[in-house]
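These numbers were taken from a predicted model, which means no experiment stands behind them.
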Amino acid sequence: MNYEKEPLHISTSVPNGTYEVTVTVTAHEDIIFTILSQSRRFMAQDIKLGKGESTDITFNVSVCDYHKSNEDYTNVNGVEIDIMCDGDFTALSAVSPVNIPTVYIAGDSTVTDQPAEYPYNATSTYCGWGQMFPQLLNTGIAVENHAQSGSTTEDFKNVNFTAFKDKIKNGDFLIIEFGHNDQKQKGPGKGAYYSFMTSLKTFIDEARARGAYPVLVTPTQRRSF
């Protein structure tokens, strides 16, 4: 679904933590809407409402102001919601803290939260799978995507991972997908495979030491012409 209008932005200032969010949308005409949270993570996509109808969309958000973007860390003030819709509607949100497991994601450009321009054209805008993932989950678990474009396992281990590894707790998950940037690296004297393997082991060991479940995801296939 393409959207011509700028999204409606709702910001709720809260400290770092996990939250249950309910967005109530009321349609004043037939509408189709999509809800994004934080850095363009998809929470609900292309939901249809008839004129006069209302619906509650409930999801979980992990608020964390330790996300590295290029050389800087992003400034996250709380729960950030964007509702994309070209029709006439109103929306209210309710935010409450919850103690639930978190899925932490480590990866590169194929996984990261990619930006977009508006008007929003779904056919020309690309996304990392990490920002599409939250809409597939039921409530009771939050997603925190720390992936960054261009990252190798070594880069991520030494920078991005240090920003959140001490937050990982018992019952959490750490999803790890790297590979196509590591392939270009020669590594510290033993080649890309050795560097890739040892860095993955570090992620696994750190997650298990904190009672979390590490999940290795097969690297995305390079395009072959």
Checklist entry - Side chains of Gln183 and Pro219: does their closest heavy-atom pair fall under 4.5 Å? => result no
Item to check | Distance-only side-chain donor-acceptor flag, Thr26 / Ser54, under 3.5 Å | outcome: yes
Checklist entry - Would one find more than 12 heavy atoms of other residues, nucleotides or ligands at under 6.0 Å from atom NZ of Lys169? => result yes
Next on the checklist: Given 3.5 Å as the limit, does a donor-acceptor pair link the side chain of Thr125 with the main chain of Asn121, or not?
Outcome noted: yes
Next on the checklist: Tell me whether Leu136 shares a hydrophobic cluster with Met1, the cluster being built from Ile, Leu, Val, Met, Phe, Trp, Tyr side chains joined at under 4.5 Å.
Outcome noted: no
Next on the checklist: Any side-chain to backbone donor/acceptor pair from Asp182 onto Thr152? Under 3.5 Å, distance only.
Outcome noted: no
Checklist entry - Should Ile105 and Phe173 be marked as a side chain to side chain contact (heavy atoms under 4.5 Å, CB included) after you check the CA-CA gap, both sets of side-chain angles, and the distance that decides it? => result CA-CA 8 Å; Ile105 303 179; Phe173 296 83; over 6 Å; no
Distance-only donor-acceptor pairs under 3.5 Å for side chains of residues 95-104, two or more places apart:
none

Next on the checklist: Please determine whether salt bridge (charged side-chain N to carboxylate O under 4.0 Å, His left out) holds for the pair Glu206 and Lys165, giving the CA-CA distance in whole Å, both sets of side-chain angles, and the decisive distance to 0.1 Å.
Outcome noted: CA-CA 8 Å; Glu206 293 280 2; Lys165 71 177 182 179; 3.7 Å; yes
Next on the checklist: Is the ring pair Tyr118/Tyr120 parallel, tilted or perpendicular, if the boundaries are 30 and 60 degrees?
Outcome noted: tilted
Checklist entry - Taking atom CZ of Phe89 as the centre, does the number of heavy atoms from other residues, nucleotides or ligands within less than 6.0 Å exceed 12? => result yes
Item to check | Matching residue for Asp82 among Gln38, His9, Arg41 - test: side-chain hydrogen bond (donor to acceptor under 3.5 Å, both in side chains) | outcome: His9
Checklist entry - Counting N and O atoms only, with roles assigned by atom type, does the side chain of Thr139 sit under 3.5 Å from a partner on the main chain of Phe59, one being a donor and the other an acceptor? => result no
Checklist entry - Looking only at side chains, do Gln148 and Thr112 share a donor and an acceptor under 3.5 Å apart? => result no
Checklist entry - Would you say Arg210 and Asn170 make side-chain contact, with heavy atoms under 4.5 Å? => result no
Checklist entry - Quick one: does Ile83's side chain get under 4.5 Å of Thr34's, heavy atoms only? => result no
Item to check | Thr24: which of Asp56, Thr55, Thr58 passes side-chain hydrogen bond (donor to acceptor under 3.5 Å, both in side chains) | outcome: Asp56
Next on the checklist: Is there a side-chain contact between Cys64 and His146 in this structure, where contact means two heavy atoms from C-beta onward sitting under 4.5 Å apart?
Outcome noted: yes
Checklist outcome for this item: Residue pairs passing the ring-ring contact (aromatic ring centres under 6.0 Å, His included) test with at least one member in residues 18-51, sequence neighbours excluded, are none
Item to check | Student check: side-chain heavy atoms of Val23 and Leu92 closer than 4.5 Å | outcome: no
Item to check | Linked, directly or transitively: Val25 and Ile47 (ILVMFWY side chains, under 4.5 Å) | outcome: yes
Item to check | Flag for Glu80-Ser37: side-chain donor and acceptor within less than 3.5 Å | outcome: no
Checklist entry - Taking the side chain as C-beta and beyond, is there a heavy-atom pair between Thr153 and Phe161 under 4.5 Å? => result no
Checklist entry - Counting N and O atoms only, with roles assigned by atom type, does the side chain of Asn60 sit under 3.5 Å from a partner on the main chain of Gly140, one being a donor and the other an acceptor? => result yes
